[in-house]
Amino acid sequence: MNKIASYFLLFFGLMMLGGLWGCKTDSPKKPNPPSTNLAEARLELARNMANGLIIPAYEQLSQRANELEVAVGAFTRNPDAASLLAAREGLKAAWLQWQSAAMYLFGPAENVVLRQSLATYPANEEKIEQNIASGSYILGSLDNQAAVGFPALDYLLNGLGDEAQVLAAYTTDSLADGRRTYLQDLSAEISAKVNASLQGWLAAGDNYVAEFTDPSAGGTDLGSALGLLVNSIDLHFQRFVRDGKVAIPAGIRSAGVPRPKTIEARYGGYAVELLRASLQAYHRLFLGIDANGLDGMGLYDYLLLLEAEQLANDMKNQYESLQAAAEQLGDSMEEEIDQHPERLEALFVDMQKIVVWIKSDMASVMGITLTNQDNDGD
Amino acid sequence: MNHKWILTSLLAVAVLLAACKKDPEPPQPGKISIEAGNSAPLEGPRGSNVDIPLSLLAEDGIQSLEVRVNGGPSESIAVNSGATQQSLTYTFSIPPSTILNTTFTLEFALTDANSITQTLSVEIRTSPLIEEPETYAFERNGQSTVSYTGQTQRMDMLALIKQNLLSEADKGNPITEQALLDAFENTNGNGGGLFPFSTTKQLKNKTFQPDLDERLFEDLFARAAAASLAASSGTQAANGTAGLLTREDKGSTILVDENGREFTQLIEKGLMGAVFYNQIFNVYLSDARTGDEVENVALVEDKNYTPMEHHWDEAFGYWGVPVDFTSPWPQDRADEDRFWGHYSNVVDNVKNGRLGTNKAIMHAFRKGRTAIVNYDLDGKNAQKDVLYEQLELVAAAVAVHYLNLGLKFLNEGKTGETFHVMSEAWAFTNALRYSPRRKLSLTQIAEIMESDLGANGNFWNVTPAGLNKAKNTLVLAYPALAEVKDDL
């Protein structure tokens, strides 16, 4: 990738970070005198999660996805350097925003299999090329899970060579027509699934928010709001953050032999930014800091009510130090893997503490049964 | 002179006598009455004798007593002729072929020496022979009347086909088409050596006829055998290629066809539908076997059951449960239910027992069988309706259960687990075809199986939208599923 584009993406990424999260770092104000009624606290937690974090995350993601669709449309109608850049920016912005929604895989998102549809990587490039060549594909199908979503767009917008080669693939190449169509179809599919997830949550749509915050979902059983949330982050943090973003590409799961092809956004080169965004989102989720930076009822506050101060503060501190450690990484994951594997190894060990705290301590203090059958292997 | 006097005297006597006859005292007729000694309503089960104590009174002397049943011919009852009163017991035999609640009207007519008749009308109701027992146990003369060994043997056969053939294929070992056919046709009375028992029963001749016409299972056998051979030399499944797939959670492999469908589920669950449900729905609950005209008095030669009783028991036998099965079914007896009974239990206790299919179906089988013993045809037919409804509901509920799991595994990106549960969903949806009262049309069923579970009959094409569409179709057709649809 050329340097100007890299700098631009870096600049853009920093703007994103500043814009989205700049207002967050004030020391969180303590919640009002804590309710001793745990059931009420759980409902408050569900309301804050739904209205303060989850729905705003989908709203923003939906906007980014729509902007991406527009930018991709403009690019396919008139493929040139400027429209390509805009499409790439649109992809990155949406992908970064996805980090704030990715961990909430229940309800409407589960209905459209959002995570597997948006973020299965590495992309199956052979399958993508087959689809483009045949012109016949079912984008939402299981068989195409690795041929759609952000990673597929990464390949198609960033992974076909230098800028001239990418533009040629959409203009002079014999499959240019099919490739433009496929690119449009992918971005439309992302928009459709994200919008369906958002509509599923909204009171004006399928109103899942009512179900999630209803007193009948205020318990600690599997179908309760808390049960869904804790199970969801148990699986996601372990498999998609710790392993997907760090352990697998760094080779920690493969005898120390790195697997650079499994780096998230490997062509776009912003895997570290995605990692930072994800850790940031987890920190906010844990504390209950909503999209406007207001600190409401979070898992942290609920742990305090359960008189698990030690665990609450250990986890809070750990999320903070994870973020600090991620800030210390260079922006290129490939370089980190190559030159500073020990930093990733240390990050992995620190993430592992969170995994254990979620899995053993937090779930048992809260009385939540975990259903994730993944063998942790640690 | 002497003669004259004698004649005159005789005449006088005659006149006197004649005068006497001409002017008698008016006669007082003697009292007459007939009463039943039992004031409670009379009743008895079919085939039983009902005693009717009678008190007769006829001051002028009893002449005769007759009885007419339901206005039929009069029948005379022996009485002490000339006696003025008598107590006797008349015994009425309710014919064994009497339908429950049939009422007999007995009209007794007592006539006295003066030919004066008094009548008494007595009603006898046909009551139940037995009450519904707590378990599926029925006796006659102290001996059980329940038998369904043929059904149990066919379930054993299917279990052995899975255990010794299909499971081997799933592990990557080759199996032969002939071995599957031998088991299906019960070659040599022991499934070509697969069964450790000998029997004349077989699965094939009980299989749904249209499936046999289409060679549905024979084709699956041939394809499974070919795929197992390829898999045994390492062929992995892919879109368009039959082979092995790893189930991510379970850790074991399954053999799937070129469309991702697991042979074991298609064959095992397929035969559960095509044989067991088919036999219940289209044979044993049909009019030919348990209709109102079926013999229910005479016992089958050398057996302790009537044909109607036995056919009902054979339907029960195909359900695969212990005689005391109920809801909720204890975990420590989970290995006692088989096939359909097992799957009823899978959905029975969801959301604190909202569906309660174990109990509903068990109750219907018991109640229907009790009705047959009592010759309660309406009662029997009402339970048939319940069975059609509930058994079909189990298949639909299990299908929704596996569709939910399919969506879950799709979200987790686990292809092997997804295809496994989709194969289950496919086969349980297929089972809906076997009910003549199915709530989904054949077109709707085919739509789920061949399109919603992946366009062009290919699981690799499955989408979350397709799974949700299939689920919605089922929930709309079976409203009982609405409140548990996300909990199944």
Side-chain angles (χ1 to χ4, degrees), chain A residues 102 104-121 124 126-127 130-131 134 136-149 151 189 192-193 196-197 200 206 208 211 216-217 221-224 228 231-232 234-236 238-240 244 371-375, chain B residues 237-241 245-252 256 258-261 350-352 403-423 451-472 483-488:
Chain A
Y104 305 113
L105 196 80
F106 41 80
E110 196 172 22
N111 250 346
V112 295
V113 185
L114 193 64
R115 183 189 293 146
Q116 293 294 324
S117 309
L118 258 53
T120 298
Y121 65 92
N124 185 337
E126 194 186 344
K127 185 87 193 168
Q130 275 173 16
N131 285 344
S134 75
S136 159
Y137 40 81
I138 300 167
L139 286 187
S141 75
L142 180 142
D143 199 30
N144 278 325
Q145 275 187 352
V148 297
E189 176 82 359
K193 293 218 169 195
S197 302
D206 293 338
Y208 182 72
E211 199 177 313
S216 66
D221 53 317
L222 281 179
S224 65
L228 291 170
N231 268 286
S232 192
D234 168 54
L235 175 75
H236 182 261
Q238 170 182 332
R239 177 127 63 108
F240 297 93
T371 56
N372 174 22
Q373 295 188 36
D374 276 17
N375 211 337
Chain B
N239 191 349
T241 307
L245 262 188
T246 298
R247 283 181 62 183
E248 295 83 350
D249 286 351
K250 208 176 175 219
S252 54
V256 301
E258 68 280 10
N259 293 320
R261 294 171 177 178
V350 167
K351 227 177 174 184
N352 300 320
L403 289 169
N404 283 339
L405 285 176
L407 192 61
K408 170 184 180 290
F409 288 127
L410 211 52
N411 271 293
E412 295 175 8
K414 294 171 178 168
T415 305
E417 295 292 350
T418 305
F419 285 180
H420 168 69
V421 295
M422 282 172 60
S423 300
S451 176
D452 294 347
L453 290 176
N456 308 319
N458 185 347
F459 281 7
W460 293 92
N461 291 335
V462 72
T463 66
L467 294 182
N468 280 316
K469 177 168 169 279
K471 180 176 168 180
N472 286 341
E483 69 166 335
V484 293
K485 65 186 165 91
D486 297 325
D487 302 272
L488 279 165

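Small disclaimer: the values here were computed from a predicted structure and weren't measured. We name chains A, B, ... by the order of the sequence lines, and we start the count at 1 in each one.
Using a 4.5 Å cut-off between heavy atoms, A:Ala109 contacts chain B through its backbone alone, with no side-chain atom that close. Contacts of A:Glu110 with chain B are made by both backbone and side-chain atoms, with heavy-atom separations under 4.5 Å. Only the side chain of A:Ile138 comes within contact range of chain B, judged by heavy atoms closer than 4.5 Å. Only the backbone of A:Leu114 comes within less than 4.5 Å of a heavy atom of chain B; no side-chain atom from C-beta onward does.
For the pair A:Gln116/B:Pro464, no side-chain contact is recorded, criterion being any heavy-atom separation below 4.5 Å from C-beta on.
In this structure A:Tyr121 satisfies the ring-ring contact (aromatic ring centres under 6.0 Å, His included) test with no other residue, sequence neighbours excluded. Scored by the side chain to side chain donor-acceptor pair (under 3.5 Å) test, A:Asn231 finds A:Thr371 as partners (sequence neighbours excluded).
Separating the OG1 atom in B:Thr463 from the CG atom in A:Asn144 is a distance of 11.0 Å, to the nearest 0.5 Å. Rounding to the nearest 0.5 Å gives a distance of 9.0 Å between OG of A:Ser141 and CG of B:Leu410. Of the inter-residue distances, the one linking A:Leu105 atom CG with B:Asn411 atom CG reads 4.5 Å to the nearest 0.5 angstrom.
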Hey, mind stepping through B:Asn239 and A:Lys127 against side-chain contact (heavy atoms from CB on, under 4.5 Å) and telling me if it holds? CA-CA 11 Å; B:Asn239 191 349; A:Lys127 185 87 193 168; 4.2 Å; yes
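Between the side chain of A:Asn111 and the main chain of B:Asn468, no donor-acceptor pair closer than 3.5 Å is present.
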